Amino acid sequence: GAVVSQHPSWVICKSGTSVKIECRSLDFQATTMFWYRQFPKQSLMLMATSNEGSKATYEQGVEKDKFLINHASLTLSTLTVTSAHPEDSSFYICSARWGGNTEAFFGQGTRLTVV
Amino acid sequence: GQQVMQIPQYQHVQEGEDFTTYCNSSTTLSNIQWYKQRPGGHPVFLIQLVKSGEVKKQKRLTFQFGEAKKNSSLHITATQTTDVGTYFCAGQYSGTYKYIFGTGTRLKVLA
């Protein structure tokens, strides 16, 4: 099956610093990547959708200047949490799909802790 | 806005008992997917339902899509401890490429 690799799997950072999370599709070209946020014991909340070569589409209530998304190639999308604060601590997960295929494959997730 | 609700929120069953989780959308769905997330893990795709009234089976798992394409269910027969996890439905609406995840049902199986 298709593999999506997310890195890092966990990160601890100081308040006010920025953190970059990478999402790579290893064996397929991901035309679309999705970024989700999941709080403990809660559902996945879609943050934004990125299509290769174009600007990401953010969901209502998600600050685009705080959560920078770049989808520069068909195999890589990055999410940068800028000026992180403790309330940004969460589990961030990406998923990717290709072409008209509706099945999305998820990365392993990144647990971010801001101290 | 579009919402996808799931019930129950939690379910504890004895090993060998059956389990069902229900997914409901406020508006008609284009299609629906089901995922399983183990504790500490990421969601894993189980199945996609597209047609009205569709029923699909995967071993002990039976998935149904309602006639009105507003609800869906996942039924597990004779649960095993390996079935532990949170089951999410994710609905796609016509005219959009994104999926809205349901609230999830956390299943615990007691040996």
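The chains referred to below are lettered A, B, ... by the order of the sequence lines, with proteins before strands, and numbering in each begins at 1. This one's a predicted model, so the numbers in the text were calculated from it and none came from an experiment.
- No more than 12 heavy atoms of other residues, nucleotides or ligands lie within 6.0 Å of OH in B/Tyr22, so this atom counts as exposed by the packing criterion.
- Options B/Gly41, B/Pro43, B/Gly104, B/Pro39 differ in how many heavy-atom pairs under 4.5 Å they form with chain A, and the most are formed by B/Pro43.
- For A/Ser43 (side chain) and B/Gly102 (main-chain N/O), a donor-acceptor pair under 3.5 Å exists by modelled atom type.
- In this structure, chain B has a heavy atom under 4.5 Å from the side chain of A/Phe34, while its backbone stays farther away.
- Hydrophobic clustering (ILVMFWY, side-chain heavy atoms < 4.5 Å, transitive): B/Ile47 and B/Ile32 are in one cluster.
- Note on A/Leu76: it does not cluster hydrophobically with A/Val81, by side-chain heavy-atom contacts below 4.5 Å among ILVMFWY residues.
- Other residues, nucleotides and ligands contribute more than 12 heavy atoms inside 6.0 Å of the NE2 atom of B/His12.
- B/Gln92 touches chain A through its side chain: at least one heavy atom from C-beta onward sits under 4.5 Å away, while N, CA, C and O do not.
- For chain A, the nearby part of B/Thr103 is the backbone; its heavy atoms alone come within less than 4.5 Å.
- B/Ile76 and B/Phe63 fall within the same hydrophobic cluster, where Ile, Leu, Val, Met, Phe, Trp and Tyr residues are linked whenever their side-chain heavy atoms come under 4.5 Å apart, directly or through other members.
- Interface remark: B/Gln37 contributes side-chain atoms only to the contact with chain A (heavy atom separation under 4.5 Å).
- Interface remark: A/Gln42 contributes backbone atoms only to the contact with chain B (heavy atom separation under 4.5 Å).
- Taking chain B as the reference chain and counting heavy-atom pairs below 4.5 Å, the highest number among A/Ile93, A/Thr57, A/Thr49 is found for A/Thr49.
- If you measure heavy-atom distances from A/Leu44 to chain B, the contacts under 4.5 Å come from both the backbone and the side chain.
- With chain A as partner, the option from B/Arg106, B/Gln6, B/Gln9 having the largest number of non-hydrogen pairs under 4.5 angstrom is B/Arg106.
- Hydrophobic clustering keeps A/Met33 apart from A/Leu74 (ILVMFWY residues linked when any side-chain heavy atoms are closer than 4.5 Å, directly or through intermediates).
- With a 6.0 Å radius and a threshold of 12 heavy atoms from other residues, nucleotides or ligands, A/Lys66 has its NZ atom above the threshold.
- For chain A, the nearby part of B/Tyr35 is the side chain; its heavy atoms alone come within less than 4.5 Å.
- Within 6.0 Å of the NZ atom in A/Lys20, the count of heavy atoms belonging to other residues, nucleotides or ligands does not exceed 12.
- Between A/Gln6 and B/His42 the shortest side-chain heavy-atom distance does not fall below 4.5 Å.
- Under the 4.5 Å side-chain heavy-atom criterion for grouping Ile, Leu, Val, Met, Phe, Trp and Tyr, B/Tyr87 is connected to B/Val109 within one hydrophobic cluster.
- Residues A/Tyr36 and B/Phe101 place their aromatic rings such that the two centres sit under 6.0 Å apart.
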